[in-house]
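In listed order, ligands and their atoms are each counted from 1.
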Amino acid sequence: MFEFTGKVAVITGAASGFGRAFAEKGAALGMKLVLADVNPEALAQTVDALRAGGAEAIGVPTDVASATQVEALAQAALTAFGKVHLLFNNAGVGSGGFLWESSVNDWAWVFGVNVMGVAHGVRVFTPIMLAQNEPAHIVNTASVAGLLSPPAMGIYNASKHAVVSLTETLYHDLQLAQAAQVAQAAEVGQPGRRAGADGLAGAPGALVSCSLLCPAFVPTGIANAERARPATLRNDSGPTRSQIAAGKQLQRAVQSGKLSAADVADITFEAIAARRFYIITHPGIMATVELRHEDIEHLRNPTDPMSLKPEVKNAG
Ligand SMILES: NC(=O)c1ccc[n+]([C@@H]2O[C@H](COP(=O)([O-])OP(=O)(O)OC[C@H]3O[C@@H](n4cnc5c(N)ncnc54)[C@H](O)[C@@H]3O)[C@@H](O)[C@H]2O)c1
């Protein structure tokens, strides 16, 4: 089991939705918190609320799309608490509408946050975790949109598919690197770094591991993600019809979500404790995921995921 009490968690996108719920759950478990968000006012309010509840927390205003700001976040975490045991690469945004109507700015913004934000987190924090030589874990927030390709949300789908693939690869890379580390330590007779020393599941001695979170729609601020778009990446012209329709559909879908952000946080922490890789909060979507895989295996043209089961209408 992964122990949470007294350990340090870094959470991006911590001022709203899932990020804030992860912070509240971490605080309830006695973790020390390093909260990052691009919205400094909402971040300060979140940190104040957690501290008022007795949590040890700092806020570090951070744009995860910036390599140097994520590096500064790691430095701030180490300065405040000395270590990092749990990282939530969670900040994310979306824009909808037909793919060919999406602007260069739409691509740059969504990929900057959803893909490069996660890439920066992995690049900066993984070496810190590996060097600590104690249990640590990374959770990357993708989406059901990383497992399916619903229409009129192509940039978001592509960004979340990237997160799925990079996180699966991260899992394999961590297993490989740590198996090699253990073999090397055995050769030079280091007793402290033996296989399975932590008693955790996975490859022998895999002290650092990761999980992939794929939720469907949950009521959070995600349908109003535009509030976090930097001025430099705003569009000159107004939204097209397909973009307006996609925005309305997203608002409806998010509001109709049955699970809360706190439910998602509970499920996620349970999975981390068990070191489970795939975290699927809405198992009703799995039949559609299976169908997509069958389409590929049988070389069938893609089935519209929205035309199938009602659950997929909630596949955010
Ligand atoms: N809510 C859903 O239905 C749903 C479903 C699947 C996946 N997700 C994913 O969950 C994650 C969290 O989203 P949420 O639903 O809690 O939305 P949210 O809008 O409530 O929270 C996202 C937070 O990220 C912050 N943020 C945005 N851009 C940032 C940046 N460049 N750097 C740092 N912080 C930034 C925002 O200020 C906000 O506080 C996202 O990756 C999202 O894609 C959400």
task = With heavy atoms only and a cut-off of under 4.0 Å, state how Ala142 meets ligand 1: side chain, backbone, both or neither.
result = backbone
ask   = What atoms of ligand 1 come within less than 4.0 Å of a heavy atom belonging to Gly92?
value = 40 (C), 41 (O)
note = Contacts of Asp63 meeting salt bridge (charged side-chain N to carboxylate O under 4.0 Å, His left out) (sequence neighbours excluded), chain-then-number -> none
message = Can you list everything that forms a salt bridge (charged side-chain N to carboxylate O under 4.0 Å, His left out) with Asp295? Sequence neighbours excluded, please.
response = Arg300
request  = Report, in ascending order of atom number, the atoms of ligand 1 lying under 4.0 Å from any heavy atom of Asp63.
outcome  = 30 (C), 31 (N), 32 (N)
message = Evaluate Val218 for polar contact with ligand 1, using N/O atom pairs at a separation under 3.5 Å.
response = yes
request  = For ligand 1, indicate whether the residue Ala228 contacts it via side chain, backbone, both or neither (heavy-atom separation under 4.0 Å).
outcome  = side chain
ask   = Any non-hydrogen atom of Thr141 lying under 4.0 Å from ligand 1?
value = yes
ask   = Is ligand 1 less than 4.0 angstrom away from at least one heavy atom of Ala216?
value = yes
message = Quick check on Gly117 - does any of its heavy atoms sit under 4.0 Å from an atom of ligand 1?
response = no
Within-shell test, Pro215 vs ligand 1, heavy atom, strictly < 4.0 Å = yes
request  = Considering the heavy atoms of Asn90, write down every atom of ligand 1 situated less than 4.0 Å from one of them.
outcome  = 11 (C), 12 (C), 40 (C), 41 (O)
Side-chain donor/acceptor of Ser242 to backbone N/O of Phe98, under 3.5 Å = yes
task = Go through the side-chain N and O atoms of Ser103 and Asn235 and say whether any donor and acceptor fall under 3.5 Å apart.
result = yes
